[in-house]
Amino acid sequence: MSRTWTIKILMMAIVIAIMTQSGVQLYRQRHYQLEHLAGPGVTRVEQLSKYCEGLKGTMADTHVFWLEGKEEGGKMLLMANTHSNEPAAGLTALIFLENAVVEKGTLIIIPQFNNSGSRGTRPGDGYPLYFEIPTEWGAKKFRMGNRDAAPLDQWPDPDVYIHYPDKQLLSYLDIRNTNRTWPGRPNGTLMEKVTFAAMEILRNENVDLALDVHGAETMFPVTNCIVAPEKSVRIATMATLTVKATEGFDNHVEPSPQGFRGLSHREIADYSDTLPFLLEAPIPFLDQPTGPKTEKLLLDGKDPFLLKLAKHKMLFVPYDETGWPMAKRVGQHCSIIQEIAKQYSQRNDERAIVITNVPRYGDVVANGVGHYFHDPSTWAKDKIYLN
Ligand SMILES: [Zn+2]
């Protein structure tokens with residue numbers, strides 16, 4: 001065999017070895033199952049496919065947890081991991097799932113809203129495959145997900161994404177983004193089916209409040225805020241003012257743009273009677289000019305480049321050497337969610353939603369996120385849902 005052929009075969013073998021090794025890692029991550037512990041408040045568990053047949057048997061199907069109070073009242077839907085690369089949202093939802101007790105009304109939780117998006121990350125951008133939250137009984141391991149659904153589950157992408165029903169032209173990638181496919185349709189793409197199923201819950205169950213929990217870059221103006229359409233602005237404003245006065249953290253209200261379609265707060269407002277809110281907490285990990293995208297940066301939000309930018313007043317949130325630890329972000333979400341429910345309940349006695357046993361900002365900052373997660377080995381097996 002000639003020398004050239006030997007080199008070619010050797011190179012080919014190296015490429016196949018690298019592809020196999022990384023392929024196995026990505027396959028394992030896609031199929032890694034997280035344990036969702038249903039807490040004392042959970043009264044029933046459904047699949048999202050109950051509300052849209054086309055989701056059955058797909059990677060987009062996901063659990064819907066119902067926490068129904070003894071006393072009838074209003075209903076609130078909490079959605080997390082619309083974008084699975086913004087993990088403070090999912091951690092917040094699991095704190096509610098494991099701990100919340102509903103005294104009046106109903107809390108509906110979808111912890112893994114874009115389930116497909118959580119089953120793949122961005123290896124090309126150097127994202128970690130997993131991250132771990134320390135707890136008193138050991139580390140709880142999570143998949144690090146992506147903003148969009150995995151191409152393995154919805155493919156191919158069009159050149160331009162034409163939003164339904166508005167026909168607005170959006171970026172091709174947003175056809176796999178469940179914060180661009182609202183209000184969805186039962187016979188559309190897989191992600192349109194996900195948002196359609198959620199719309200069905202809101203409309204059929206007369207849900208009062210819908211909270212879509214996210215994270216946003218510190219260099220992006222729409223961060224550390226509640227995005228609210230006209231009809232939700234009053235409650236959102238009262239919530240931000242109250243947490244500022246009583247708990248001391250900043251949060252502001254951003255109006256939901258009228259002409260930008262597909263977003264949860266826009267389409268839920270226009271296609272149902274529900275009051276929608278989108279919650280953003282800062283996530284330095286997603287900013288472009290940072291150091292390596294490590295698990296540490298994801299959890300503590302400390303970055304020297306952002307610190308420099310903060311000194312030049314180029315960030316939209318306060319930023320110093322302490323970064324933006326996960327506990328602060330999750331704590332903010334916990335308080336804002338409870339405050340929105342409280343503000344709504346004060347004005348709608350018949351439709352009140354009273355939730356107890358969930359920590360607020362100061363508790364999460366003091367005790368850490370992991371303090372609120374229970375040891376699965378001590379939990380009833382039939383109350384653990386794999387996702
Ligand atoms: Zn997001």
Side-chain angles (χ1 to χ4, degrees), residues 46-64 66 75-84 108-120 145-214 227 229 231-232 256-278:
E46 295 173 341
Q47 291 294 114
L48 191 60
S49 54
K50 181 183 167 187
Y51 301 91
C52 181
E53 191 70 27
L55 292 172
K56 213 166 247 169
T58 72
M59 275 291 201
D61 204 0
T62 191
H63 290 118
V64 182
W66 291 74
K75 290 179 183 150
M76 176 162 94
L77 171 66
L78 184 60
M79 294 171 280
N81 283 317
T82 292
H83 294 148
S84 289
I108 310 158
I109 307 177
I110 309 180
Q112 203 69 63
F113 188 63
N114 187 344
N115 193 27
S116 165
S118 78
R119 295 176 179 278
N146 195 2
R147 183 177 171 84
D148 312 301
L152 285 168
D153 302 316
Q154 186 181 302
W155 189 258
D157 295 334
D159 291 333
V160 175
Y161 161 39
I162 303 166
H163 174 260
Y164 173 84
D166 194 76
K167 294 196 171 68
Q168 187 170 66
L169 303 183
L170 297 169
S171 154
Y172 76 100
L173 205 53
D174 279 333
I175 200 162
R176 287 187 277 121
N177 175 354
T178 43
N179 198 26
R180 296 294 183 278
T181 58
W182 294 85
R185 50 184 157 175
N187 53 355
T189 63
L190 198 55
M191 294 307 111
E192 284 178 321
K193 289 175 186 165
V194 170
T195 49
F196 174 78
M199 285 301 301
E200 286 290 279
I201 297 178
L202 299 178
R203 289 185 289 231
N204 299 348
E205 298 285 342
N206 292 323
V207 175
D208 301 70
L209 309 170
L211 276 60
D212 186 10
V213 191
H214 287 251
V227 187
K231 63 181 182 181
S232 309
S256 166
Q258 297 251 4
F260 191 0
R261 307 313 305 191
L263 298 142
S264 62
H265 43 85
R266 184 71 268 147
E267 307 296 347
I268 292 172
D270 292 355
Y271 286 91
S272 74
D273 295 328
T274 308
L275 299 183
F277 304 82
L278 187 142

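- Judged by distance alone, with hydrogens and angles left aside, the side-chain atoms of N146 form no donor-acceptor pair with the main-chain N or O of G120 at under 3.5 Å.
- Put simply, the residue from L275, D208, I108, L211 that forms a side chain to side chain contact (heavy atoms under 4.5 Å, CB included) with M76 is L211.
- Put simply, the side chain of N177 never gets that close to the backbone of D148: no donor and acceptor are under 3.5 Å apart.
- Using modelled atom types and a 3.5 Å distance limit, the side chains of S272 and R203 yield no donor-acceptor pair.
- D157 places no side-chain N or O within 3.5 Å of a backbone atom of L173 that could act as its donor or acceptor partner.
- The main-chain N or O of C52 is never found under 3.5 Å from a side-chain atom of K193 such that the two would form a donor-acceptor pair.
- For the 3.5 Å distance criterion, the side chains of S264 and D212 qualify, holding a donor opposite an acceptor.
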- Task: Please assess T181 against D174 for the test side-chain contact (heavy atoms from CB on, under 4.5 Å), listing each intermediate value before the final yes or no.
- Result: CA-CA 8 Å; T181 58; D174 279 333; over 6 Å; no

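- With contacts defined as side-chain heavy-atom distances shorter than 4.5 Å, the pair I162/L169 qualifies.
- Interatomic distance, T189 OG1 to Q154 CD, rounded to the nearest 0.5 Å: 4.0 Å.
- Atom CG of L152 has more than 12 neighbouring heavy atoms from other residues, nucleotides or ligands inside a 6.0 Å radius.
- Looking at heavy atoms from C-beta onward, R119 lies out of side-chain contact with S84 at the 4.5 angstrom threshold.
- With 3.5 Å as the limit, one finds no donor-acceptor pair spanning the side chains of N179 and T82.
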Practice task
Would you sort out whether D273 and N206 count as a side-chain contact (heavy atoms from CB on, under 4.5 Å), showing the intermediate values?
Solution key: CA-CA 8 Å; D273 295 328; N206 292 323; 5.7 Å; no

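- Rounding to the nearest 0.5 Å places NE2 of H214 at 9.5 Å from CG of N81.
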- Message: Show, in sequence, the C-alpha distance, side-chain angles and deciding distance for L170 and F260, and conclude whether the side-chain contact (heavy atoms from CB on, under 4.5 Å) test is met.
- Response: CA-CA 9 Å; L170 297 169; F260 191 0; 3.8 Å; yes

Do M191 and S116 pass the side-chain contact (heavy atoms from CB on, under 4.5 Å) test, and can you show the C-alpha distance, the side-chain angles, and the key distance before you say yes or no? CA-CA 9 Å; M191 294 307 111; S116 165; 4.3 Å; yes

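- Taking OH from Y51 and CG from L202, the interatomic distance works out to 10.5 Å, rounded to the nearest 0.5 Å.
- Tested against V194, the residues T58, N114, L55 include a single side chain to side chain contact (heavy atoms under 4.5 Å, CB included) partner, L55.
- Of the candidates L209, V64, I110, L77 forms a side chain to side chain contact (heavy atoms under 4.5 Å, CB included) with just one, namely I110.
- The distance from the CZ atom of R261 to the CG atom of L263 is 8.5 Å, given to the nearest 0.5 Å.
- The ring-ring contact (aromatic ring centres under 6.0 Å, His included) analysis of residues 159-194, with sequence neighbours excluded, yields the pairs F113-W182.
- Using modelled atom types and a 3.5 Å distance limit, the side chains of Q47 and H63 yield a donor-acceptor pair.
- No side-chain donor-acceptor contact under 3.5 Å links E46 to the backbone of W66.
- Counting only distance, with no hydrogens or angles, the side chain of E200 and the backbone of P186 share no donor-acceptor pair below 3.5 Å.
- Although no hydrogens or angles enter the test, the distance criterion places a donor-acceptor pair under 3.5 Å between the side chain of T274 and the main chain of V207.
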